[in-house]
Amino acid sequence: MKPSVILYKSLPDDLQRRLETHFSVTKVPNLDADTVQKHADAFKNAVGLLGSSEKVDAALLDNMPALRATSTISVGYDNFDVDALNARHVLLMHTPTALTETVADTLMALILSSARRVVDVAERVKAGEWTKGIGPDWFGTDVHHKTIGIVGMGRIGLALAQRAHFGFGMPVLYNARRQHKEADERFNARHCDLDTLLQEADFVCSILPLTDETRHLFGAAEFAKMKSSAIFINAGRGQVVDENALIAALKAGEIHAAGLDVFEQEPLPVSSELLKLPNVVALPHIGSATHETRYNMAATAVENLIDALNGKIEKNCVNPQVK
């Protein structure tokens with residue numbers, strides 16, 4: 001008899017077949033209490049769990065005594081209670097390499113669209129406002145040779161630095177827990193403290209995960225340290241920003257603009273003040289949202305679960321110590 005797993009996210013047909021060659025798969029729409037109760041036997045017997053965007057906490061794990069590994073179709077894992085997983089010796093797998101280049105593309109798109117006011121002026125054209133030669137009220141600001149400050153120099157930070165340095169001739173500053181020799185040597189990047197980065201960068205780009213240390217890292221004090229001409233970019237996690245402070249800084253002209261792919265609450269409420277500001281580009285968390293990348297993420301997650309349940313955790317494991 002094949003081991004049982006719970007699938008709580010739709011997969012492409014070929015990937016679901018791949019999963020089904022190894023496991024008996026129970027597909028569920030979510031991990032809500034009603035769903036768990038309805039499929040109680042399947043959850044009780046499942047050794048694997050695969051999906052994304054649902055909370056995996058102690059309450060759920062109490063209904064899954066046989067669980068040995070869970071695989072998320074994402075890089076971030078803030079929906080998972082890692083302590084609860086560790087206590088039960090359950091492996092957590094993720095997809096840290098599948099979306100690097102695509103998210104870096106999104107960051108560069110936010111930089112360009114915010115600086116050059118692409119969304120704002122495109123909407124004005126569609127509204128019929130382009131009736132003569134444009135004047136300064138249509139102008140944006142240059143990107144090339146401006147200083148980029150990257151907060152969080154991991155895989156995505158390195159990919160963004162490559163685009164900024166080689167593509168746009170931008171000096172690179174970065175703030176990270178450690179100095180990155182690759183960034184220093186390849187991009188002539190300069191490691192610095194956060195205050196220095198905020199004060200010197202023309203573009204402040206956050207690619208941080210959400211942790212106790214990063215929650216609301218960017219608040220009123222941080223925006224006050226930035227240049228009035230600076231543009232703030234966030235494609236990491238929305239909760240690293242105090243959105244009320246960001247809105248206040250944008251309204252007061254403390255910073256010039258913002259390009260955002262992530263928010264404190266998602267989907268972003270239609271009542272959000274961010275949607276009323278012409279100097280904000282707001283995207284619906286599309287960082288990894290291309291057909292190719294989402295397929296690769298799902299494929300990686302499937303292989304991760306197969307590997308984990310076969311004792312192979314040489315890569316993509318958040319907590320290998322619990323094996």
Side-chain angles (χ1 to χ4, degrees), residues 75-76 96-97 99-116 140-238 240-242 245-246 249-250 253-262 281 287:
V75 175
T97 61
L99 48 64
T100 299
E101 299 296 335
T102 302
V103 176
D105 286 348
T106 302
L107 280 154
M108 207 67 224
L110 282 169
I111 290 170
L112 289 164
S113 58
S114 300
R116 298 304 305 270
T141 186
D142 281 337
V143 173
H144 61 86
H145 298 99
K146 296 290 182 70
T147 298
I148 187 170
I150 300 173
V151 186
M153 186 57 82
R155 294 181 182 88
I156 296 170
L158 287 169
L160 176 60
Q162 176 173 306
R163 287 157 174 75
H165 175 71
F166 291 115
F168 294 86
M170 302 175 79
V172 177
L173 304 177
Y174 70 97
N175 176 257
R177 286 176 291 183
R178 63 179 179 85
Q179 193 162 354
H180 285 257
K181 185 177 180 181
E182 181 180 359
D184 299 348
E185 293 180 351
R186 289 183 62 201
F187 316 125
N188 197 28
R190 176 159 62 94
H191 183 249
C192 61
D193 60 41
L194 183 59
D195 282 356
T196 299
L197 185 149
L198 293 173
Q199 292 162 12
E200 296 186 15
D202 297 299
F203 297 89
V204 174
C205 303
S206 173
I207 323 173
L208 292 169
L210 179 64
T211 66
D212 290 340
E213 292 74 24
T214 64
R215 187 179 297 275
H216 279 196
L217 177 65
F218 294 97
E222 287 67 36
F223 293 122
K225 293 171 184 174
M226 292 169 58
K227 299 177 181 180
S228 60
S229 58
I231 295 176
F232 179 73
I233 305 293
N234 188 16
R237 282 292 181 266
V240 306
V241 178
D242 179 341
L246 174 59
L250 288 162
E254 284 188 330
I255 63 173
H256 180 65
L260 309 170
D261 188 41
V262 290
V281 174

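A search for ring pair (Phe, Tyr, Trp, His ring centres under 6.0 Å) contacts involving F166 returns F187, not counting sequence neighbours. Residues passing the salt bridge (Lys or Arg N to Asp or Glu O under 4.0 Å) test with E213: none are found, sequence neighbours excluded. Partners of D212 under the side chain to side chain donor-acceptor pair (under 3.5 Å) rule, at least two apart in sequence or in another chain, do not exist in this structure. By the side chain to side chain donor-acceptor pair (under 3.5 Å) test, Q199 is found to be paired with no residue, residues two or more places apart in sequence or in another chain being considered. H191 is linked by a ring pair (Phe, Tyr, Trp, His ring centres under 6.0 Å) to Y174, counting only residues two or more places apart in sequence or in another chain. With sequence neighbours excluded, no residue satisfies side chain to side chain donor-acceptor pair (under 3.5 Å) with S229. By the salt bridge (Lys or Arg N to Asp or Glu O under 4.0 Å) test, D105 is found to be paired with R163, residues two or more places apart in sequence or in another chain being considered. Under the rule for a side chain to side chain donor-acceptor pair (under 3.5 Å), the partners of E200 that lie at least two apart in sequence or sit in another chain are R190. Partners of D261 according to the salt bridge (Lys or Arg N to Asp or Glu O under 4.0 Å) rule, which considers only residues two or more places apart in sequence or in another chain, do not exist here. Partners of F203 under the ring pair (Phe, Tyr, Trp, His ring centres under 6.0 Å) rule, at least two apart in sequence or in another chain, do not exist in this structure. Scanning for salt bridge (Lys or Arg N to Asp or Glu O under 4.0 Å) contacts around D184 gives an empty result, with sequence neighbours left out.
Residues D195 and K225 meet the side-chain proximity criterion, which asks for heavy atoms closer than 4.5 Å. You'll find the side chain of N188 stays beyond 4.5 Å of the side chain of V172, heavy atoms only.
Separation of atoms CG (D242) and CZ (F223) is listed at 7.5 Å; rounding is to 0.5 Å. How far OG1 of T100 is from CG of L160: 12.0 Å, rounded to the nearest 0.5 Å. Here CG of L210 is found 9.5 Å from NE2 of H216. Values are rounded to the nearest 0.5 Å. A distance of 8.5 Å separates CD of Q162 from CD of E182, quoted to the nearest 0.5 Å.
Here the shortest heavy-atom pairing between G259 and L110 reads C-CD2, 3.7 Å. When all heavy atoms of T106 and G287 are compared, the pair lying nearest together is OG1-O, 3.0 Å. Nearest heavy-atom pair, S228 versus G253, reported as atom, atom and distance to 0.1 Å: CB-O, 3.7 Å. In terms of heavy-atom proximity, I233 sits nearest to S114 at CD1-OG, 4.0 Å. Contact record, A235 with L107: CB-CD2, 3.5 Å, taken as the closest heavy-atom pair. The shortest heavy-atom contact between V143 and A115 is CG2-CB, 3.5 Å.
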- prompt: Would L208 and N234 satisfy side chain to side chain contact (heavy atoms under 4.5 Å, CB included), going step by step from the backbone distance to the final call?
  reply: CA-CA 9 Å; L208 292 169; N234 188 16; over 6 Å; no
query: What's the verdict on side chain to side chain contact (heavy atoms under 4.5 Å, CB included) for F232 and V241, showing C-alpha distance, side-chain angles and the deciding distance?
result: CA-CA 10 Å; F232 179 73; V241 178; 3.6 Å; yes
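For the pair T211 (side chain) and T214 (backbone), a donor-acceptor distance under 3.5 Å is present. Between the side chain of N175 and the backbone N or O of C192 there is at least one donor-acceptor pair closer than 3.5 Å.
Of the options D202, L198, V204, a side chain to side chain contact (heavy atoms under 4.5 Å, CB included) to K227 is made by D202 and by none of the others.
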Which pairs would a plain distance check flag for residues 144-159, meaning a side-chain donor or acceptor within less than 3.5 Å of a matching protein atom at least two apart in sequence or in another chain?
| from | atom 1 | to | atom 2 | distance (Å) |
| --- | --- | --- | --- | --- |
| K146 | NZ | T141 | OG1 | 3.3 |
| K146 | NZ | D142 | O | 3.2 |

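Atom CZ of R116 has 12 or fewer neighbouring heavy atoms from other residues, nucleotides or ligands inside a 6.0 Å radius.
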